[in-house]
Amino acid sequence: MIMENRNFIRTIIEEDLRSKKHAFPITRFPPEPNGFLHLGHARAILMNYHLAMEHGGYFNLRFDDTNPVKEDVLFVEAMKEDIAWLGCKWKNLLYASDYFEEMYQRAMLLVEKGLAYVCDLSAEEIKNYRGDLKTPGQNSPYRERSIEENRKIFEGMRNGEFADGERVLRAKIDMASPNMNLRDPIIYRIQRATHHNTKDQWCIYPMYDFAHPLEDAIEGITHSLCSLEFEDHRPIYDWFVKHCEMPNVPRQIEFGKLIIANQITGKRHIRKLVEEGIVEGWDDPRLITLSGLRRRGIPPKAIENFIKALGLPKSQGETEIEMFYEYVRDYLSVEARRVHGVIDPIKVVITNYPENQVETLEVPYHKDREAFGTRPVYFGRHLYIERDDFIEEKPNKKWKRLSLGIEVRLMHAYFIKANHVIYDEQGNVLEVHCTYDPETKSGSGFDARKPNGNIHFVEATTAKSVEVRLYENLLKQDSDSSAAIEERLNPSSKVVKHGFIEGAVSPEPAEAFQFTRLGYFALDKDTKDDQLVFNRVVELKSSYKLKK
RNA sequence: UGGGCUAUGGCCAAGUGGUUAAGGCAUCGGACUUUGACUCCGACAUCGGUGGUUCGAAUCCACCUAGCCCAGCCA
């Protein structure tokens, strides 16, 4: 796979390079540090990064921290970790707050040019003067203040002479514009709050529409990518770059953000789930936050492949999570070591195998990746197999597993035949007594009989006990997206099982293994010395349709 | 007639006047298989609608329809 779609932004960049408009592209990812990044953000991060790198340019990480009341260093650290994890290396780590002085000076330039004025209207009044979608706005009575007066008051704003919300600085554009963003947008507001970077140095903070184009221009960003809802802001973006006389002229280009169907990404919603204990934190493996995906064991490269396959459209769709999982499988299929694990065990006793004897078989970690080496797999009288792999009576000709009187191959070991079943008081299968045929040892070339399928197993006396967390989608499959989240929750989104894995395997943190025939599993951070804990990353696909 | 944007198979998405309308996911067949996985073959759309321009249109024009965004001193 790993098919990368063409996209219109790449075309624009290549044209700009060909026409010598730019020598190389400079992009940026400009998050506001006010929450956690999720899979949707991965499109913006990876596309900005790769589009720049592919064309010999570079990529900046810039925190758009212009609103201290919503932001926190906690989030900047988390975001840095997530972005680095995705493999995106920023050339410069920057903060909008680094430019507060220059922004102030540029705003003053606007004042000097008669293009900005201090407005004393209250928030409520400004709203009323703005008109609505179909009605033009009215000019503020303060719109024609003298340049001298504006300069003085704006200085006063900076110096803390006014209360929060008492005055704002506005750009003088057009109160009758059909584009609401051009109706004399506010560019500075007074807000006494301690900023995570600049502390109490400022009591006025620039608004996004003013700050963002300046940030881009200051850094020499060539292509400023953002999502569709900012299309209406492009005229004002260009207006500020021009009238603030910025030497570099970045170009804003909008694309459709990545939305994954049937997932929870809203900060409010996730916070609520966390507070109510429905999920275990922002990094719960059922969430598609980047930290959740990381904890679950999703390889970052799989995210990159997925994002590249999706492309960068100008339209706005909703992608099914299954497509993402397929890219995870695609990657892990090649990269994950294989190991036998039994998640819902039943005991098998090989009655013709000596007690207290265990033999060792050398088995490759991946049959197509010799470099992965081999591991010792043990075989003995006492084994575990998957409960689903045994049914007393073979149900139909398609059944390729163990049944009474039926012979299957234990992968990498021997053929066994089931002879007898022992039940517990409730009538559940407790043990299956089998016999093995020493002639059928794997690798011996035995081909006199064909087994009724191949199943995996774990030798009981050497096995490591593991806790396995099986995840399903947090929300029910076709849940009505207009319904309340509480009603859409999938009650079996997390199921904990206790099973066994091969004794000789030592899992590395964050490494995803394939548990043969079951799926991919990675060690969770809850793992303790005496208890391995695995998360199921994704199941294997199966064309087996006789599920109960 | 506020403004801006989008519309290609169940989902994602290429395509910018001449292609049998890429590719991926899903689905359905089949081959292979010591993972019912992987891999491999094969099947699977006339491009929101209607008119028009053209020798020729998903690609140009007109009208229509549907959806999304904009009235924070949020980003």
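Only a predicted model underlies this, so the values are computations on that prediction, with no experimental measurement involved. Every chain is numbered from 1, with letters handed out A, B, ... down the list of sequences. Quick note: numbers below take in every heavy atom, side chains included, and nothing from hydrogens, waters or symmetry partners.
Side-chain nitrogen and oxygen atoms of A:R62 include none within less than 4.0 Å of the OP1 or OP2 phosphate oxygen of B:A75. Between B:G2 and A:T135, no contact under 4.0 Å exists linking OP1 or OP2 to a side-chain N or O. Dashed line: the shortest gap from a side-chain N or O of A:T66 to OP1 or OP2 of B:A75 is under 4.0 Å. Side-chain N/O atoms of A:R329 include none lying less than 4.0 angstrom from OP1 or OP2 on B:A37.
Atom name C1', nucleotides B:C5 and B:C55: the rounded distance is 35 Å, in whole Å. To the nearest whole angstrom, the two C1' atoms, one in B:G36 and one in B:A31, are 15 Å apart. For the P atoms, the distance linking B:C40 with B:C25 amounts to 10 Å, nearest Å. If you take atom C1' in B:G18 and the same atom in B:A13, they sit 23 Å apart, rounded to whole Å. On the P atoms, B:G23 is 33 Å away from B:A62, given to the nearest whole Å.
Nucleotide B:G72 carries a syn base; the chi torsion (O4'-C1'-N9-C4 or O4'-C1'-N1-C2) is within 90° of 0.
A heavy atom closer than 4.0 Å to some atom of RNA chain B occurs in A:F230, A:E231, A:D232, A:H233, these being the qualifying members of residues 230-240 of chain A.
For B:A43, the paired nucleotide is B:U27, the pair qualifying as Watson-Crick or G-U wobble because both relevant distances are below 3.5 Å. Using N1 to N3 plus N6-O4 or O6-N4 for Watson-Crick, or N1-O2 and O6-N3 for G-U wobble, each under 3.5 Å, B:G18 pairs with B:C55. Both distances falling under 3.5 Å, in either a Watson-Crick or a G-U wobble arrangement, place B:A66 opposite B:U6. Pair assignment for B:C38 gives none, since no Watson-Crick or G-U wobble pairing has each distance under 3.5 Å.
A:R338 contributes no side-chain N or O that, together with a main-chain N or O of A:T516, makes up a donor-acceptor pair within less than 3.5 Å. Looking at A:H456, its side chain never comes within 3.5 Å of a backbone N or O of A:I385 through a donor-acceptor pair.
Using a 4.0 Å cut-off between charged side-chain N and carboxylate O, A:R167 and A:E161 make no salt bridge. The residues A:R234 and A:E254 are annotated as salt-bridged, a charged nitrogen and a carboxylate oxygen being separated by less than 4.0 angstrom. Ion pairing between A:E215 and A:R28 fails under the 4.0 Å rule for side-chain N and carboxylate O. Salt bridge A:E335/A:K301: absent, no basic N to carboxylate O contact under 4.0 Å.
The 5' end of RNA chain B is approached more closely, in terms of each residue's nearest nucleotide, by A:T11 than by the other of A:P30 and A:T11.
The residue A:R167 sits apart from the nucleic acid: no heavy atom pair falls under 4.0 Å. Nucleic acid contact class of A:I126 (heavy atoms, under 4.0 Å, all strands): base.
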Could you walk me through whether A:D389 and A:R517 pass the side-chain contact (heavy atoms from CB on, under 4.5 Å) check?
-> CA-CA 11 Å; A:D389 285 341; A:R517 299 204 308 136; 2.3 Å; yes
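Comparing B:G10, B:A7, B:C38 by their closest approach to the side chain of A:S315 singles out B:A7.
In summary, of the residues considered (A:T198, A:D65, A:T66), a side chain to side chain donor-acceptor pair (under 3.5 Å) with A:S97 occurs for A:D65 alone.
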Expected rows: protein N/O vs nucleotides 40-46 of chain B N/O, under 3.5 Å:
none

